[in-house]
Amino acid sequence: MSSLALHESGPAAGTAPGTARDPARRRRTALVPTLTLLLGALYCLLPVAWVIIASTKSGRELFSTFTFWPGTGFAGNLSDLSAYRDGVYWRWMGNSALYAGLGALLSTCVSAVSGYALATYRFRGRETLFNVLLAGVLMPPVILAVPQYLLLAEADLTDSRLSVLLPQVLSPYGVYLARIYAAAAVPADVVEAGRMDGAGEWRIFTRVALPMMAPGLVTVFLFQFVAVWNNFLLPYVMLSDDEKFPITLGLYTLLEQGANTPALYTLVITGALLAVLPLVALFLVVQRFWSLDLLSGAVKS
C-alpha cells in the first residue's frame with residue numbers, strides 16, 4: 001500500500017508572505033499624513049471663512065444669525081467703511097502700501113548688495129559680521145522696538161513716516177537669504193570671467209549677478225512686504241497721528257472703539273477682509289515671476 005506524501009501548501013514562488021496585504025496597509029498609512037494636512041488646512045482656513053462670511057452681515061445679522069450663514073449687508077458695510085471719518089480707512093491702506101512697498105523694495109536692494117558681498121568677497125571679519133546678522137534674525141522685534149524709538153527720537157523722526165520706514169530697510173533674514181542664494185546661483189568662475197574682461201565690480205553685480213539672483217530676491221521682497229504690511233508693534237510705538245497709521249494699527253483703533261460702539265465691529269471685519277486682498281494679489285503676481293525666472297534660468301543653463 002503506497003503512502004501519499006502530503007505537502008503543506010506555501011506561498012507561490014517569487015512572492016513574499018503578506019504581499020497581498022501590503023497595498024492595503026500602505027493605503028491606510030498614507031491616509032495619516034493626508035488627514036493631518038486636511039486638519040491643518042481646516043484649522044487655517046476656518047477663520048478666513050468666518051471673516052468672509054461675517055463681512056456680508058449687517059450689524060443686526062452679525063449677532064443674531066448662525067455663524068456661517070451669509071448675510072445681506074456687505075454693500076452697506078463697504079459703504080459705511082468708506083464713509084467712516086471721510087475715508088480714513090483708505091488712507092490707512094495707502095499708508096500700508098507705502099510702508100510695505102517702499103520698505104520691501106529698499107530692503108531687497110540692501111539685502112541683494114549685502115548678500116552678494118558676503119557670498120563673493122573674502123575679507124577679515126566676514127563670518128563674524130554674518131553671525132551678527134544671524135543673531136538679528138533670532139532677535140524678537142519687541143526687544144528692538146524701544147531702542148529704535150529712542151534712536152529715532154534723538155533724530156526727531158518719531159511720529160513720521162520715516163520712523164516706520166527706516167527700521168525696515170535692513171532685514172537680517174533678507175540678507176541671510178540673499179547670501180545663501182548668491183552663493184548657490186552666482187558661480188565664482190562667472191565673476192572672475194567678468195573681471196578678466198575688464199568689467200568693474202558694480203557692473204558685474206548689476207549685469208551678471210543680479211539677474212541670476214532674481215528669483216531669490218523676489219522671495220526676499222515678498223517676505224519683507226508681508227512682514228511690513230502685517231507689522232503692528234513698530235507703528236504702535238512710533239506713531240501718534242492716526243492719519244499716518246497703517247492698516248493694522250487703524251483696525252486696532254476701530255476695534256477698541258467697537259467696545260463702546262458695537263456697530264463698528266462690522267467695519268472692522270470688512271476692513272480686515274479687504275486688508276488681506278493686496279497680499280493675495282501680490283502672491284499671485286510674484287508666483288508668476290517665480291515661474292518665469294525659474295524657466296528662463298533652466299533654458300539659459
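- With contacts defined as side-chain heavy-atom distances shorter than 4.5 Å, the pair Val237/Val146 does not qualify.
- Every residue meeting the side-chain contact (heavy atoms from CB on, under 4.5 Å) condition with Ala185, not counting sequence neighbours, appears here in chain and number order: Tyr181.
- Between Leu255 and Tyr265, the closest side-chain pair of non-hydrogen atoms falls below 4.5 Å.
- Side-chain contact between Phe225 and Phe223 is absent, with no heavy-atom pair separated by less than 4.5 Å.
- Taking the side chain to side chain donor-acceptor pair (under 3.5 Å) definition, one finds that Trp90 meets it with Ser82, sequence neighbours left out.
- Listed by first then second residue, pairs satisfying side chain to side chain donor-acceptor pair (under 3.5 Å) with a partner in residues 199-212 read Tyr121-Glu201, Arg195-Glu201, not counting sequence neighbours.
- The environment of Tyr176 atom OH is sparse: at most 12 non-hydrogen atoms of other residues, nucleotides or ligands sit within 6.0 angstrom.
- Residue pairs meeting the side chain to side chain donor-acceptor pair (under 3.5 Å) criterion with at least one partner in residues 220-245, sequence neighbours excluded, are Arg85-Asp242, Arg91-Glu243, Asp159-Ser240, Ser171-Gln224.
- Contact of the Leu234 side chain with the Pro167 side chain is registered, since non-hydrogen atoms from C-beta on lie closer than 4.5 Å.
- No more than 12 heavy atoms of other residues, nucleotides or ligands shown are found within 6.0 angstrom of CG on Asp156.
- Applying the salt bridge (Lys or Arg N to Asp or Glu O under 4.0 Å) test to every pair with at least one member in residues 160-186, sequence neighbours left out, gives these pairs: Glu127-Arg179.
- For Leu217 against Ala178, the heavy-atom pair with the smallest separation is CD2-CB, 4.5 Å.
- Looking at residues two or more places apart in sequence or on another chain, you find a side-chain contact (heavy atoms from CB on, under 4.5 Å) between Pro187 and Val190, Met212.
- Distance alone, capped at 3.5 Å, places no donor-acceptor pair between the Asn77 side chain and the Thr270 backbone.
- Legend: side chain to side chain donor-acceptor pair (under 3.5 Å) pairs involving residues 33-54, not counting sequence neighbours: none detected.
- For Tyr252, the side chain to side chain donor-acceptor pair (under 3.5 Å) test picks out Glu256, with sequence neighbours left out.
- Scanning for side-chain contact (heavy atoms from CB on, under 4.5 Å) contacts around Thr65 gives Lys57, Glu61, with sequence neighbours left out.
- Residue Tyr149 qualifies as open at atom OH: its count of foreign heavy atoms under 6.0 Å is 12 or below.
- Taking the side-chain contact (heavy atoms from CB on, under 4.5 Å) definition, one finds that Leu157 meets it with Leu152, Ala155, Ser160, Leu162, Leu166, sequence neighbours left out.
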